[in-house]
Amino acid sequence: KAGVTQTPRYLIKTRGQQVTLSCSPISGHRSVSWYQQTPGQGLQFLFEYFSETQRNKGNFPGRFSGRQFSNSRSEMNVSTLELGDSALYLCASSLGTGVSYEQYFGPGTRLTVT
Amino acid sequence: KNEVEQSPQNLTAQEGEFITINCSYSVGISALHWLQQHPGGGIVSLFMLSSGKKKHGRLIATINIQEKHSSLHITASHPRDSAVYICAVYPNFGNEKLTFGTGTRLTIIP
């Protein structure tokens, strides 16, 4: 079974631009969670989608948004990029939602904002 | 103060040594994860615990719910164990959002 894939793997953007990152979960997984990892703040939860519905959201500004499609693939969008948005963005998929389900992480997308 | 604290932040040991990484948390939790992150960013889930002890190969994870503390042990450490180990908890507020520790960077010297 293929693992979680994320595209692109690396991205360089300029302040003020917007960016869309993509995550394809493991086949059969219906839940996708997104995380941001920075040297200063570590790993932080962004949001979780299950069956095309946002189930949970972390403490991030409205510039961060996401969606999930009927095939469980998910995208996250960051508008009006700031230098502080430079980070590794990780997605994780699981069969279901909640603490009982193991999460499988993708390799991440490294975003650099200049 | 972070809800999840790990110690030590950095650990260097010789191959073969017994390794212990600690995680303390300040909130009630539903479950605790131990994650491993290798250079390049990929994260692997090692254990999910809600009580007691789990073992997988040379890795052992324990949790004491009353003391709000978990430990990850590595026996017969090997250079390939070099990675960042991250503790993460599901607070039992009902919102089920993973909250992460800052990680422990482990380096095993041959």
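Just so you know, these numbers use all the heavy atoms, side chains as well, and skip hydrogens, waters and symmetry mates. Lettering follows sequence order; numbering is per chain, from 1.
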- [ ] Please answer: with hydrophobic residues joined when any side-chain heavy atoms are less than 4.5 Å apart, are B:Ile29 and B:Phe47 in the same cluster?
- [x] yes
- [ ] For chain B, find which of A:Arg110, A:Gln41, A:Lys57 contributes the most heavy-atom pairs closer than 4.5 angstrom.
- [x] A:Lys57
TODO: Sort B:Thr102 into side chain, backbone, both or neither according to what part of it lies under 4.5 angstrom from a heavy atom of chain A.
DONE: neither
Task: Closest non-hydrogen atom pair, A:Gln44 against B:Phe100 - done: N-CD1, 4.3 Å
TODO: Provide the closest heavy-atom pair for B:Leu98 versus A:Phe45 in the form atom of the first, atom of the second, distance.
DONE: O-CB, 3.8 Å
TODO: Kindly work out whether a path of hydrophobic side-chain contacts (I/L/V/M/F/W/Y, heavy atoms less than 4.5 Å apart) joins A:Leu81 to A:Phe64.
DONE: yes
- [ ] Name the region of A:Leu43, side chain, backbone, both or neither, that has any atom closer than 4.5 Å to a heavy atom of chain B.
- [x] both
Open item on the list: Please classify the contact between A:Tyr35 and chain B as side chain, backbone, both or neither, with a heavy-atom cut-off of under 4.5 Å.
Closed with: side chain
Open item on the list: Are there over 12 heavy-atom neighbours, none belonging to A:Asn59, within less than 6.0 Å of that residue's CG?
Closed with: no
Open item on the list: Tell me whether the count of non-hydrogen atoms from other residues, nucleotides or ligands lying under 6.0 Å of CZ in A:Arg15 goes above 12.
Closed with: no
Task: B:His33 NE2 to A:Glu102 CD distance, which is reported to the nearest 0.5 Å - done: 8.0 Å
Open item on the list: Quick check: is B:Leu49 connected to B:Val27 through a chain of hydrophobic side chains (ILVMFWY, heavy atoms under 4.5 Å apart)?
Closed with: yes
Open item on the list: When you group the ILVMFWY residues by side-chain heavy-atom contacts below 4.5 Å and let the links chain together, are A:Tyr101 and A:Phe47 in the same group?
Closed with: no
Task: Engaged part of A:Gln37 at the chain B interface, taking heavy atoms whose separation is under 4.5 Å - done: side chain
TODO: Flag yes if B:Tyr90 and A:Leu46 sit in one hydrophobic cluster, no otherwise; membership is Ile, Leu, Val, Met, Phe, Trp, Tyr, and two members link when side-chain heavy atoms are under 4.5 Å apart.
DONE: no
- [ ] Grab the two heavy atoms, one from B:Leu35 and one from A:Phe105, that are nearest each other, plus how far apart they are.
- [x] CD2-CE1, 4.1 Å
